[in-house]
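Beneath this line is the structure, given in structure tokens, with notes to follow.
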Amino acid sequence: MAKNLLIVESPAKAKTIEKILGGDFEVKSCYGHIRDLEKDDMGIDLNNNYTPRYMVPEDKEKVVKELKSLAKKADEVWLASDEDREGESISWHLAEVLGLDPVNTKRIVFHEITAPAIKKAVASPRRINMDLVNAQQARRVLDRLVGFELSPVLWRKIGMQRSLSAGRVQSVAVRLIAEREREINAFKSESSYKVEAFFSAKDINSKSVTFKADGPAKISSQQTALQFLESCKGAAYKVADIQVKPAKRTPAAPFTTSTLQQEASRKLGYSVSKTMLLAQKLYESGQITYMRTDSVNLSDTAMGDIRNEITQSYGNNYYQSRQYKNKNESAQEAHEAIRPTYMNAHTVDDQDTRRLYELIWKRTIASQMSDAEFEKTIAKISISTNKDQLSATGEVMKFDGFLKVYLEGKDEEDEEDTDGMLPPLTVSQTLDFTKMTATEKFTRPAPRYTEASLVKKMEELGIGRPSTYAPTISTIMKRNYVEKRDKEGVKRDVNILELTKKDEVKKEVIQENTGAEKSKLFPTDLGLVVTDFLKQHFQKVMDYNFTAKIEEEFDEIAGGKLKWNNMIDGFYKPFHSNIEVTLETAERAKGERELGVDAASGKKVIARMGRYGPMVQIGHQDDEEKPRFAKLKASQSIETISYDEAMELFKLPRMLGEFEGSDVSVNIGRFGPYAAHDKKFYSLNKEMDPYSVTLEEIAPMIAEKRQAKDERTIKVFEKEKIQVLKGPYGPYIKQGLRNYKLSKEQQERAAELTIEEVKAIIEELKANPPKKVARKKKAK
DNA sequence: CAGTGAGCGAGCTTCCGCTTGACTT
């Protein structure tokens, strides 16, 4: 029986550490936090210095019970949760729950799971640091206060859907996306002209090659560009000057959670949650270090392994030892960077995780490799008819260094193509002119966020932590504040002027696609309305620097210079009175926008948020005649819909005429476009457009769908509104929205079931619902 | 499943950070 019980947060870590420490130690995990604030009354005693009321959540009862019994048997309990604010707090909660003496209990920390680090930690235990614990309590209490007081304000003042929410992190994340969208909508693209000249010259093999030289600075108008080309007619071109400069590129730091998510998104197209899922798998199978980290540090053991790998595979000149500094101020560095556990494993067997593993391996290796070296050549070219000069740049790699294994990706595909090679040139050499073009270029707005670029921005602002980036993104999508989707681009004309070899100036117009987006984050109308409301009434919490400011105060608490309850009091007093004023005085937020006046009725047309989503309306509620309403299409937004687009929406419902003696109409409902006929509804086929579909197209569809439905129906009890239907799992009963499963025996004689029998089955299943609910009861 | 465009009324929703599993008609 082990004499010592050592508790860490993660079970995978527990296994490894037990192997390192051996017989005297039993190592167990507590699976993260074991207590949280109660939900009733926010779990905070507002009248008593914000004293928190903690409880063990249902899903942690089992772990706590097990740890309690093990702790009782052990001679000594060691608390080895992570060395950061949350980790310190976990240790304290463990001490409280397990009844350990906080003054005598041994607390140890390590930043890497290696034998020397663990052994050193065990040799020098400390005590729980209550200042750090208090900083965590302040963080926890503040987040609860903000979330649980703001959210109900939204329920009252916006409504729309249940489960609206607001919080220190999520609301600012939505704000970023909302403001970016508006920037893009307001963006006015400006055009300018870029001059490029093409020459041919002999390369080292005396083969003729074409190269490019850029013209003088951007030209703002087509006329000036034209004048420039005209001025070059009949010119001779000569190399006026050549400069050769060395250049170098350095590798990126090893992966943190945030940079791993970014690179997996750029290079592998993974969503943030997919990356984390795969990384978790790699971590659990012992192939990489912990994947939720903000540290760029590598352990000494790892540094040695990396050195061996590089020198063996590529040679000594490819190795350069580097220590990376964290650029991120909010980093708490409780772990290592994300790296392979064993550097000599270049890949893994598992198909799913292989690409991510190889990415991690390459990045880790590259981080300790030499710079890539280049030689950059800039040639100035004079124009005989003109005092302006052209410049041609070429880049030649002299030494590949880390580029042999890895190059970090970019968020935006660069419009500027990278410098290519130049043929050998000499000063005063005359050049063979091919053509000169002036191409219209357009300024572009900042790009919409991807999941990964949002994480990058959040990290810069210090909002959220490695463990919460992925969950925060799914929260704001689940709340319907933000959606991830594609957007089709629009065509636009691009003017190109060309001066040919024969000294003719030609003009050409080509079309390019602009504004197309793939898998980007768009705010919904709800997201915009909620953000505007919060910005208007809760400026302080919505400030991009709010988290950074309170983090400074948390640091003061951690340093013992500030009492946590005082800090909370300073925040809460004004915050809460702001909540009360807002509840009392703020109007319901509807995001209303006037689009124009309806020519037919002379009434105003407005777009706004309705009870059931974004909509347009003609007329006002107080008018004698009821207003007309129409729902916006999924691709439309209150903010951008035009008057004409709005009027188009009022063309539904359309009456198409009679089929088999009953009217047929089409409309768009909750579940998309449908046709109504004889009191029944039929979803339109995908290719049918409700605005233009004809009776001739719809009639056969109705007949077909009706038949399919009939075939599924075994029996109908009209009066009771109960049906016996055939589903993919065999016959079942349907009453209203609910389905009821039949037993094997009942399924076999489904067609003979009487109404009494059916009612009895429903009663029975309502009284004794299968599994799912029964399980929950047990848990309680 | 295909309405609606509100709030005396009943009751419900919600935060951020730590960690993994076990749900299917």
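Numbered from 1 within each chain, the chains take letters A, B, ... in sequence-line order. Quick note: numbers below take in every heavy atom, side chains included, and nothing from hydrogens, waters or symmetry partners. Since the structure is predicted, the reported quantities are computational estimates derived from the model, not experimental observations.
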* **Touch class at under 4.0 angstrom, heavy-atom based, for A/K478 against every strand present** => nothing
* Atom pair distance, as rounded to whole Å: CZ in A/F571 and P in B/dC16 -> 12 Å
* To do: Please list, chain by chain and in numerical order, all residues satisfying salt bridge (charged side-chain N to carboxylate O under 4.0 Å, His left out) with A/R35, sequence neighbours excluded.
  => A/E96
* Using distance alone, with no hydrogens and no angle criterion, decide if A/Q137 and A/S89 have a side-chain donor and acceptor under 3.5 Å apart. => no
* Send over the distance from A/R654 CZ to B/dA2 P, rounded to a whole Å. => 22 Å
* Asked: Less than 3.5 Å between a donor and an acceptor, one on the side chain of A/Y612 and one on the base of B/dT4, is that the case here?
  -> yes
* To do: Give one of base, sugar-phosphate or nothing for A/D82, where a contact means two heavy atoms less than 4.0 Å apart.
  => sugar-phosphate
* To do: With heavy atoms under 4.0 Å as the rule, sort A/Y283 into base, sugar-phosphate or nothing.
  => sugar-phosphate
* Any donor-acceptor N/O pair under 3.5 Å between B/dA2 base and A/Y682 side chain -> no
* How would you label the contact of A/G613 with the nucleic acid (heavy atoms, under 4.0 Å): base, sugar-phosphate, or nothing? -> base
* Quick one: is A/R139 getting a side-chain N or O under 4.0 Å of the B/dG17 phosphate, OP1 or OP2? -> no
* Asked: Any side-chain donor paired with an acceptor under 3.5 Å for A/Q617 and A/R608?
  -> yes
* Structure fact -> Those residues at least two apart in sequence (or on a different chain) that pass salt bridge (charged side-chain N to carboxylate O under 4.0 Å, His left out) with A/E9 are none
* Among all residues two or more places apart in sequence or in another chain, which pass the salt bridge (charged side-chain N to carboxylate O under 4.0 Å, His left out) test with A/E551? -> A/R85
* Whole-Å gap separating P (B/dC18) and CE (A/M291) -> 12 Å
* **Span that lies between the C1' atom of B/dG11 and that of B/dG7, in whole angstrom** => 14 Å
* Taking CD1 from A/I618 and C1' from B/dG5, how many angstroms apart are they, rounded to a whole number? -> 14 Å
* Asked: Which is true for A/Y290 with a 4.0 Å heavy-atom rule: it touches a base, it touches only sugar-phosphate, or it touches nothing?
  -> sugar-phosphate
* To do: Pick base, sugar-phosphate or nothing for A/S683, based on heavy-atom distances below 4.0 Å to the nucleic acid.
  => base
* To do: Mind listing the closest non-hydrogen atom pair of A/R107 and A/I128 along with its distance?
  => CB-N, 4.1 Å
* Structure fact -> The salt bridge (charged side-chain N to carboxylate O under 4.0 Å, His left out) partners of A/E584 (sequence neighbours excluded) come to none
* Between A/D84 and A/E284, name the one whose nearest nucleotide on DNA chain B is closer to the 5' end. => A/D84
* Gap between atoms CD and C1', on A/E9 and B/dC18 respectively (whole Å) -> 6 Å
* Between B/dG5 and A/K626, is there an OP1 or OP2 to side-chain N/O distance shorter than 4.0 Å? -> yes
* Asked: Do the side-chain N or O atoms of A/R465 get closer than 4.0 angstrom to the phosphate oxygens (OP1, OP2) of B/dC18?
  -> yes
* A/R85 CZ - B/dG17 P separation (whole Å) -> 8 Å
* Asked: For the rings on A/Y572 and A/Y50, is their centre-to-centre separation under 6.0 Å?
  -> yes
* Asked: Looking for any heavy atom pair under 4.0 Å, which part of the strands does A/T468 touch: base, sugar-phosphate only, or nothing?
  -> base
* side-chain hydrogen bond (donor to acceptor under 3.5 Å, both in side chains) with A/H537: which residues, sequence neighbours excluded? -> none
* By ring pair (Phe, Tyr, Trp, His ring centres under 6.0 Å) - contacts of A/H33 (at least two apart) -> none
* Asked: Once you round it to whole Å, what is the distance between P of B/dT19 and NZ of A/K281?
  -> 20 Å
* To do: Starting at the 5' end of nucleotides 7-15 of chain B, put B wherever the base has a protein heavy atom under 4.0 Å, S where only the sugar-phosphate does, and a dash everywhere else.
  => B----BBBB
* Please state how far atom CG in A/N667 lies from atom P in B/dG3, giving the value in whole angstrom units. => 7 Å
* **Set of side-chain hydrogen bond (donor to acceptor under 3.5 Å, both in side chains) partners for A/Y283, sequence neighbours left out** => A/S10
* Proximity to the side chain of A/Y674 - top-ranked nucleotide from B/dA2, B/dT20, B/dG17 -> B/dA2
* Dot-bracket, DNA chain B: Watson-Crick or G-U, under 3.5 angstrom, [ ] crossing, | other strand? -> .........................
